[in-house]
Amino acid sequence: MSDKIRFQILDASYEVVEGEPRIVLWSRLDDGRKAVMLYKGFRPYFYALLDENANVNEVVGKIRRLSKPKSPIISVEPVTKRYFGRPAKALKIVTVIPEYVREYREEVSKIEGVKEVLEADIRFALRFLIDKNLYPLRWYEARASERNVKWYRVDVVYEIEEDPKEVIGGERADPLDGLSIMAFDIEVYSPQRSPDPSRDPVILIGLQFNDEDPIILEAEGKGDASLIKRFVDIVLEKDPDIIVGYNSNRFDWPYLLERSKINGIKLDVTRRIGTVPQQSVYGHISVPGRLNVDLYDFAEELHEIKMKTLEEVADYLGVMPKDKRVNLEWWQISEYWDDISKRPILKKYTEHDVISTMGLAKKFLPFGAQLSQVSGLPLDQVMAASVGFRLEWRLIREAFKLNELVPNRVERREERYTGAVVLQPLKGVHENIAVLDFASMYPNIMVKYNVGPDTIVRPGEDYDPQNVYEAPEVRHKFRKEPDGFFRRVLSRFLEWRRNIKSEMKKYSPDSPEYRLLNERQKAIKVLANASYGYMGWSAARWYCRECAEAVTAWGRNLIKSSIALAKSMGLKVIYGDTDSLFVKYEKDVVEKLIEKIEKELGFEVKIDKVYKRVFFTEAKKRYVGLTVDDKIDVVGFEAVRGDWSELAKETQLKVMEIVLRTGNVEEAINYVRKVINDLKERRVPLEKLIIWKTLTKRAEEYETDAPHVAAARIMMKLGYRTYPGMKVGFVVTKGSGKVSDRAKPYFIVKQNEIDVDYYINKQIVPAALRILGYFGVTEKRLKSVGGKQKSLLDFFG
DNA sequence: ACTAGGCGGGG
DNA sequence: GTGTACGCCTAGT
């Protein structure tokens, strides 16, 4: 009684039932029902790479004798594979229970004649997806029969009876269409200290399902047992396919799990009865049957903004403007909870956080879904994994198709090599500057010169000088033939992307088709662009330092030639970094330059953006620009960090903005003077002066007195518990002696005790001078009394 | 110059 | 779960 079933794979896992592994494909059907698709015949395996002169029969016999009854070795079969492009003799060893692979691989690697054990560390569920060529979020079809399994919280369970085939045209559907999303956010009660789940309860949980109104659950009193129970009930009732949070993998989930344990509750929110969310690969939390996605992982890749707080990211993306929401600092939360009259504001704050989170999900998930479909990693893992892993999992799939053995991960020391060209910028403010970018420069270099660990000529190897590409400067050589692993994979990526881009032209930019294709081409671009960095990443399976070195050498050569071309055409070059050039925007000349670079150097260049005004320091990789669409790009300024006072951060940003928007340094100086004046007249709220630092060990263990340590010691005397990892908020007060003698916990200090001079000299002035220093502004000038009160001394100073 | 170790986001 | 992030920054030598 089997039927043809159409299903979309959401996630894959496995479990061992009655001594046999079964693959669990968490899926949905084309009628919208949620399903588990089981696959029972798949078995774990790995390879033993053999020495040239190994006695195959002898090795096979030794391996067979390792077999244990609990997970017998069911076959040991000689296979001819390829390893780094060359034919290789290997044995494929198949067993039953995935966990036993770890044991067998140790024993097999010790057998004489076995050079290396390979592919023994590929997770079983992914192994299945790779071998059957299945990708998460794509649609498949297979004959399957219904099964009666009680422990899955889905509408129906099927057992698949043949290898699934991809549904033709399935890639045109939006993979997320019809999947339900839950956004959530928790608040905890921790007055004047870092939250500690062993002590501090959860007080509020905000939830939102798709476009429904947010739900705010509130604790009763100071216990949170009933709150967490209600949370579990709602999740089970609403049964979301995707759960999103912001930094939820490292805060909300671990916190909820710990609180549940303390309260003796099971955080029973999964689709597999009897399991709870669990720490998994790449630091993500796995919620069986649901896709748990931490949106912070996406935000990390927004290089345009420095502070990746939920509030900033939501504001930047237009999801929730800062001035239209309740803004609270985390240390105010307990105060707003205790004060019943302020509690509605706190609840509004949670509501705005959860709406922001859902808004970010709508922005980010379409890209995540494409990256999942392209890389082959499930959506909940793909964003938690670094770019290297995302590419690597796709490479493993390509290797499987090419009958190539996958190299092991090896621990290596980091080896340095020469990187890209970074020009010395012309410091100062420049008007009307075009930024030219080479399109996928490194992947194109890799394809053009057939770069890779399987094509490189190793020292001592023979080669035909006519038949190799030689990199400038470093002189590494790569065989022109045959096509290497990376050339094969990358040229297909680049072609795939070109095809998508030309298909996009058929649609209007605001159509769903266009948006889907655009996210897909971005996902392919991310993987392609990761390939160079991947080869230079010491943990990469296909690591090749010389390859990475050769790529940057070709890149330097390319950019230097382009600069020479620009100069020969009379264009002023302001700055250049890796694959970009900043030139004076003379439209006609720039267009001619682009043409020339393509014709003479064979690489594609485009205008990435145009700055109305851009300000360079003499430091490389550090500039601020005002784009033609009126956005401020801050690149490389590090003063805007968590351990500066809010006032210093604010001042620096404001100074940048004034300098760029008005070009008026004088106005920026006046702004800083106004801040200094506000400080002197004690008009700056105390909370803007708090400096937060983390205790890295117990306060008693510090030998020297750092200010935050001194503040922590005062807190201990007052009866507060302090501990490693805790953030201590302190302010610097008036008096004599070292700064650390005058640092006090912020909540015991009154406004008039503040050491104004400290904040002027160590916070405001340095932050402002990071910018204004380049305009010849001195500390003295910032501190002199501005405008009408200018003294004679200022003129002679 | 180097290494070791903390930090980010969250509250 | 056939597993355990990463890259930047600073403090300390």
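Treat the numbers as computed from the prediction; the structure is a model and nothing was measured. The chains referred to below are lettered A, B, ... by the order of the sequence lines, with proteins before strands, and numbering in each begins at 1.
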Within residues 380-388 of chain A, residues whose heavy atoms come under 4.0 Å of DNA chain C: A/Ser386
If you look at every strand shown and take non-hydrogen atoms under 4.0 Å, does A/Thr309 touch a base, only sugar-phosphate, or nothing? sugar-phosphate
Will you find, in the side chains of A/Asp380 and A/His284, an N or O donor that is under 3.5 Å from an N or O acceptor? yes
Verify the contact: side-chain N or O of A/Tyr14 to OP1 or OP2 of C/dT2, cut-off strictly under 4.0 Å; return yes or no. yes
Checking side-chain polar atoms at under 3.5 Å, does A/Tyr45 have a donor or acceptor matched by the opposite partner on A/Arg127? yes
Given the P atoms of C/dA5 and B/dG10, what is the spacing between them in whole Å? 22 Å
Side-chain N or O of A/Arg127 closer than 4.0 Å to phosphate OP1/OP2 of C/dG3: no
Scan A/Tyr255 against the nucleic acid and name what it touches under 4.0 Å (heavy atoms): base, sugar-phosphate only, or nothing. nothing
Answer with base, sugar-phosphate or nothing: what part of the nucleic acid does A/Asn408 contact at a heavy-atom distance below 4.0 Å? nothing
For a quick test of reading the model: is some side-chain N or O of A/Arg102 closer than 4.0 Å to OP1 or OP2 of C/dG3? yes
Between A/Gln278 and A/Ser286, do the side chains contain an N or O donor and an N or O acceptor separated by less than 3.5 Å? no
A/Glu300 CD to B/dC7 C1', straight-line distance once rounded to whole Å: 11 Å
Using only heavy-atom distances, determine whether the side chains of A/Arg123 and A/Gln381 contain a donor-acceptor pair under 3.5 Å. yes
Less than 3.5 Å apart, any donor N or O on the side chain of A/Tyr189 or A/Asp338 sitting next to an acceptor on the other? yes
Answer with base, sugar-phosphate or nothing: what part of the nucleic acid does A/Asn249 contact at a heavy-atom distance below 4.0 Å? nothing
More than 12 heavy atoms from other groups under 6.0 Å of NZ on A/Lys762: no
Find which nucleotide of DNA chain C each of A/Ala125 and A/Trp537 is nearest to by heavy atoms, and output the residue with the more 5' nucleotide. A/Ala125
Hey, are A/Arg541 and A/Glu119 close enough for a salt bridge, meaning a charged N less than 4.0 Å from a carboxylate O? no
Which is true for A/Tyr246 with a 4.0 Å heavy-atom rule: it touches a base, it touches only sugar-phosphate, or it touches nothing? sugar-phosphate
